[in-house]
Amino acid sequence: MADSPTGRLAYLQSPETVEIKEYEVPYPEPGALVTEIEQANVCGSELHIWKGNHPVLDQMVLGHEALCHVSDLGEGVETDYAGEPIEEGDLVSPTYFIACGKCQFCGAGEFRSCENALQHWLKDPDQWPHFHGTFGTHYYIHPEQHFYKVPTEIPPGVAAAANCALSQVLFGLDEVGLSCGESLVVQGGGGLGQNAIAVANEYGAETILVEGVDDRIERARRFSVDHVVDFREYETPEARGERVAELTGGLGADVAIELAGIPQAFAEGPHLLRNGSRYLEIGNITPGHTAEFDPALLTRKNIDVVSTMRYDPWYLGKALDFLAETVDDYPYAELIDAEFDLVDVSTALEKSDAREVGRASLIPSHGD
Ligand SMILES: [Zn+2]
Ligand SMILES: [Zn+2]
């Protein structure tokens, strides 16, 4: 293939069929960066896309979580989005979406609802600059796409997860205004749940995890959760609500966050909360899954419901700062428990889907 260097990427051809394709490494346009992927993680939402369950994403380059090594700077790129000087060789973390700054939502300050959020990720890899997703040897960071230099103290797998789970819960908990001295119920002890426990701890909130899987509960204890309500012991939403009330002075929690990703968890939310509380929905992202829900439980308790998908892009900078400050206090690295070469991407996805691994990382080999 001529003299130009090429790279490889993982293309989702049809549900559960991934093909490794090879393309010329692009040269960055002004304001853009070309990067080499250091490490990319397999996230739960990647599995929805891979299985064909995502409402808009299919036939695309997979991958959205990554740690990237800057290999080529486009004209005019001198700093990251926090003003830190940037040069070739630096490690950066990009948002996986765009906040274009020009659409009606960006214009209203609703950056996470940007109409053009996924415009590049959705493109066919035959279309330049080819490397639209992070499951590859390279990744192209567009002008308008926020990216931040990664503090050196953050281990690679942990840094690679920052642009999804941690940024998402950090933003969500700020949206509902979780503050010092409040109680927070976390529904679901997966990666997002553990990150939420860490953030709430640092904010000075009291944390209560609702979960029923031993290793998730044990991990939450290592993340310093204050209380666990095990749903094998408290078998109904009412019983779990009573237990949460016992733990919160008889009232129910100030805030609850749904990170279990199942509709029944949302239906349970009002049972766990006090009058005048806030509920944050993040985990349910695949339409078409439903649960019976009693809306009067919300009304009668004056519960504010907030939902968030994506985040204001500068939250990625905050997430990296948060990790740099707390990396020794929480076992973040435990959340990544398997590594695969890029060529084994299908195995990584299958094993993740079968829950044989918790969160897998892809490490492409470079230089061949
Ligand atoms: Zn993710
Ligand atoms: Zn926009």
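One-based numbering, in listed order, for ligands and for the atoms of each. The chain is numbered in sequence order, starting from 1. These numbers were taken from a predicted model, which means no experiment stands behind them.
- Angle SG (C164) to the Zn ion (ligand 1) to SG (C43): 120°, rounded to 10°.
- Taking the Zn ion (ligand 2) as the corner point, the angle from C100 atom SG to C114 atom SG is about 100° (rounded to 10 degrees).
- One side chain, D226 or T207, offers a donor N or O that lies under 3.5 Å from an acceptor on the other.
- Residue E65 approaches the Zn ion (ligand 1) most closely through its N/O/S atom OE2.
- Side chains of N195 and Y332: no donor on one and acceptor on the other come within 3.5 Å.
- With R219 as the fixed residue, the side-chain hydrogen bond (donor to acceptor under 3.5 Å, both in side chains) test singles out one of Q194, E334, E211: E334.
- Between the side chains of E339 and S361, not a single donor N or O lies within less than 3.5 Å of an accepting N or O.
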